[in-house]
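A quick write-up on the structure given underneath.
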Amino acid sequence: MNTWTQRYGDALMNTFGPPKMVLARGKGARVWDVDGREYLDLLGGIAVNSLGHAHPRLVAAVTEQLQTLGHISNFFASVPQIELAERLNMLLNLGVTERVETHSFFTNSGAEANEAALKLTRRTGRTRIVATEGSFHGRTMGALAITAKAAYREPFEPLPGDVTFVPFGDADALAAAVDDRCAAVVVEPVQGEAGVEIPPHDYLSAARSITHRHGALLWLDEVQTGIGRTGSWFAHQNTALVDAPVVPDVITLAKGLAGGIPIGVCLATGGAGKLFDPGNHGTTFGGNPVAAAAALAVLDTIVEDDLLEHVATVGELLASGVAADSRVTGVRAAGLLIGLDLVEAKAADVVSAAQDAGFIVNACRPDRIRLAPPLVLTAADVAEFVDAWPGILDEAGVTR
Ligand SMILES: *Cc1c(COP(=O)(O)O)cnc(C)c1O
């Protein structure tokens, strides 16, 4: 065992199991471990490092902001925070015919964004939440209450109650579960942690009409799918995934928004954006100038470098490249969020073999690999991985 791994085990809580390796630095879509070995990072800190590692634009924005004004608390406002909330409003209004008013509450993570949203739904005067099987919304108590996975929930019960789970992607099941007591339906446009599960194209529009019918909020958790990941600013605007863009009442974002600087946001439209009164919710760090400046740098770079189009192109290249091996029995691709079904439940072996070959990938299920690389992944990076892929499967012992 290397000494860093040993020291990790002695000093940190054992929540994640032993780390796969100890990393020292990164540049673009590459990282290097403490022994100087190079890896192509096809996980991007779990869909977080939108601009890759050490992007000059992000480094400059964070450095400049920290040198100017780093933290102030929410007794005060800062220019980057206000500008970021306005920019998110602008992005939400793309492709929408009637202008939508939005209000933002900034947090430091996806779970916290969902906690804020969950509290917001209570302000409707209703308590019942309809969530989906396979969902992942975070590990804090409220976020866990709407997360389906039994292994995550059960050690911590009782959780905040009044949550009903329905099969994901099934509009009839949703229609049957939602009633006039329902505060909100919460759903991921594409389930990320469940292994890149893509629902039927009319699912979100069905969810929108069902929630409208019962006066319930439609809350989309775009923590993993938002900010360019699928090739659109939001997955719910992506016509490759949905039959028609919907206007949700609540959207939660985090992961890729600030490219690796911790941030989250609970973004609400129309009347939902005004449900909180002063004193209803709060945060010390949330919306701090550094995180907001980082997010603005990410959004600017996505625009200036045409990354949405790039994600769609490179995502297709990557998905079709790895699908060419017959041991991949299914591909679930939403831009640069890709799930690969393997002919055998050997995903953990594939992760190890990939690491030995200099690539970072993720096993989201025993029989499925997830790729969520930086949005700046190049066609040359893709070619390198696609060339190595059959050898990785051989090495992992996946039978032909
Ligand atoms: C990762 C994730 C979360 C939790 O975000 P954290 O920042 O880890 O708290 C919530 N929802 C979805 C869809 C996620 O992928």
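In this text, all values refer to a predicted model and were calculated from it rather than measured experimentally. Atoms within a ligand are numbered from 1 in the order they appear, just like the ligands themselves.
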| request: Could you check whether the rings of His236 and Phe234 sit parallel, tilted or perpendicular, using 30° and 60° as the cut-offs? | output: parallel
| task | Please state whether the rings of His281 and Phe105 are parallel, tilted or perpendicular, taking 30° and 60° as the class boundaries. | result | tilted
| query | Any side-chain heavy-atom pair from Cys182 and His214 closer than 4.5 angstrom? | reply | no
For [X], does the [atom1] atom have more than 12 heavy-atom neighbours from other residues, nucleotides or ligands under 6.0 Å away?
X	atom1	answer
Glu157	CD	yes
Glu395	CD	no
Glu316	CD	no

Sub-4.0 Å atoms of ligand 1 with respect to non-hydrogen atoms of [X]:
X	result
Asn114	10 (C), 11 (N)
Asp221	10 (C), 11 (N), 12 (C), 13 (C)
His137	10 (C), 11 (N)
Ser109	7 (O), 9 (O)
Ala111	4 (C), 5 (O), 6 (P), 9 (O)
Gln224	15 (O)

| query | Considering all protein heavy atoms, does one lie under 4.0 Å from atom 11 (N) of ligand 1? | reply | yes
| Any donor-acceptor pair under 3.5 Å from Ser109 side chain to Glu112 backbone | yes
| Any donor-acceptor pair under 3.5 Å from Asp41 side chain to Phe359 backbone | no
So, regarding [X] and ligand 1 (criterion: nitrogen or oxygen to nitrogen or oxygen, under 3.5 Å), is there a contact or not?
X	result
Lys255	yes
Gly110	yes
Val223	no
Ala254	no
Glu188	no

| Just checking, Arg139 and Tyr152: is the charged tip under 6.0 Å from the six-membered ring centre and within 45° of the axis? | yes
| message | Below 4.0 Å, non-hydrogen atoms only: which portion of Thr140 touches ligand 1? Side chain, backbone, both or neither. | response | neither
